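In this text, all values refer to a predicted model and were calculated from it rather than measured experimentally.
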Amino acid sequence: MMKSKLILLLVAAMPFAVQSQLPATENAVSKEMDFISDTQQPMLVEKIILKPTHNKKATSLLFSQIKSAKPQSVYMLGDVVSLGFNNRKWKRVDAFLDSCRSGKTTVCGLLGNHDVMGRLKKGERNFDKRFPDNVRTGYVSVTDSVAVILLNSNFKKLSGTDNQKQINWYKAELNKLDTSEAIKAIIVTCHHAPYTNSIIVGSNTSVQQNFVPAFISSKKAKLFITGHAHDFEHFKVQGKDFLVIGGGGGLHQPLSNSADKLADLASEYKPLFHYLSVKRTGDDLSVTSHFLSNDFKGFGTGHSFITNQPEFTATKSDSNKNNNQPTF
């Protein structure tokens, strides 16, 4: 009698047991990707021009917040340290990288100008020790069916051959990803911003010429994310989103107030320190900026959007072709 009751209980439970083993639907779980840029410690010469604001502490707090979020992947978009060749500058970053990786978070990086400043070869060697997947002429990382292309925009540090090699690889990789059934969306990243209102660094025409056209043409490319300008900016160019997220700890840079400045969709959102989280929503991307409060006591959620939102396609920056916006 006891045996027959046990069999009946097992049979009744079988549908639930089978159901628990079924794979989750494609969009049931969306894995978070975090992006941060310009986490370098301010240099003395920079402090002559720009005002420091407890920058080292801000970077430490950003690192702690990202670690607590436990994202699937973290992407560091250049100027990771102030001088890449100096081993002492890497101490704080090394602790962050070790903590992320021990928690099963993948961390990728790309080269900024500070990472190769002064002594190029040693700077790259130190960088590659921390980011072994790095390829100086571009590479790709995939999280939750989203391909993140990491490019080297230090064009003057690359030979003519390597520059052309990267451009050829980049175009071929976009074509391959566009036709891959495993990839739902593409994010392109490099350090130097193709578009920015920063009066310190300005828009990078080499990135505009070498990287932007293929991004615009790609059917799956949704976001172009950069740093270098120490601000948060959001531009719309030919229907596609360009973000500047250089708020990882570098000295804050003033923005132009001129009449011909680029139309910024985040004109009312200018935090000193911030990082970005991205999640896939079907074939689009949900994007959120997280900012450190001015009193350094916590974080808030700032500018956010979903790629291909209709309300962004009719903005001045997209429709006014004479507002210092390029046409490709």
Criterion side chain to side chain contact (heavy atoms under 4.5 Å, CB included) on S153 and N204, from CA distance to verdict:
CA-CA 9 Å; S153 55; N204 190 286; 5.9 Å; no
Would you indicate whether the side-chain heavy atoms of K222 and R280 approach each other to under 4.5 Å?
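Side chain of R280 against side chain of K222, heavy atoms only: no contact under 4.5 Å found.
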Linked, directly or transitively: M43 and F85 (ILVMFWY side chains, under 4.5 Å)
yes
Check the side chains of [Y] and [X] for a donor-acceptor pair under 3.5 angstrom, ignoring hydrogens and angles.
X: E32; Y: S277; answer: no
X: Y75; Y: T189; answer: no
X: S159; Y: T161; answer: no
X: N197; Y: S256; answer: no

Stepwise, does the side chain to side chain contact (heavy atoms under 4.5 Å, CB included) test hold for R130 with D94?
CA-CA 7 Å; R130 278 78 181 182; D94 285 340; 2.8 Å; yes
Tell me if the aromatic rings of [X] and [Y] count as close, with their centers under 6.0 Å from one another.
X: F305; Y: H234; answer: yes
X: F224; Y: F235; answer: no
X: F242; Y: F215; answer: yes

With a 4.0 Å cut-off, would you call K121 and E124 a salt bridge?
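E124 and K121: not salt-bridged.
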Residues forming a salt bridge (Lys or Arg N to Asp or Glu O under 4.0 Å) with K270, sequence neighbours excluded
D264
Counting only heavy atoms from other residues, nucleotides and ligands, does the tally under 6.0 Å from NZ of K171 exceed 12?
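Incorrect, the count does not exceed 12.
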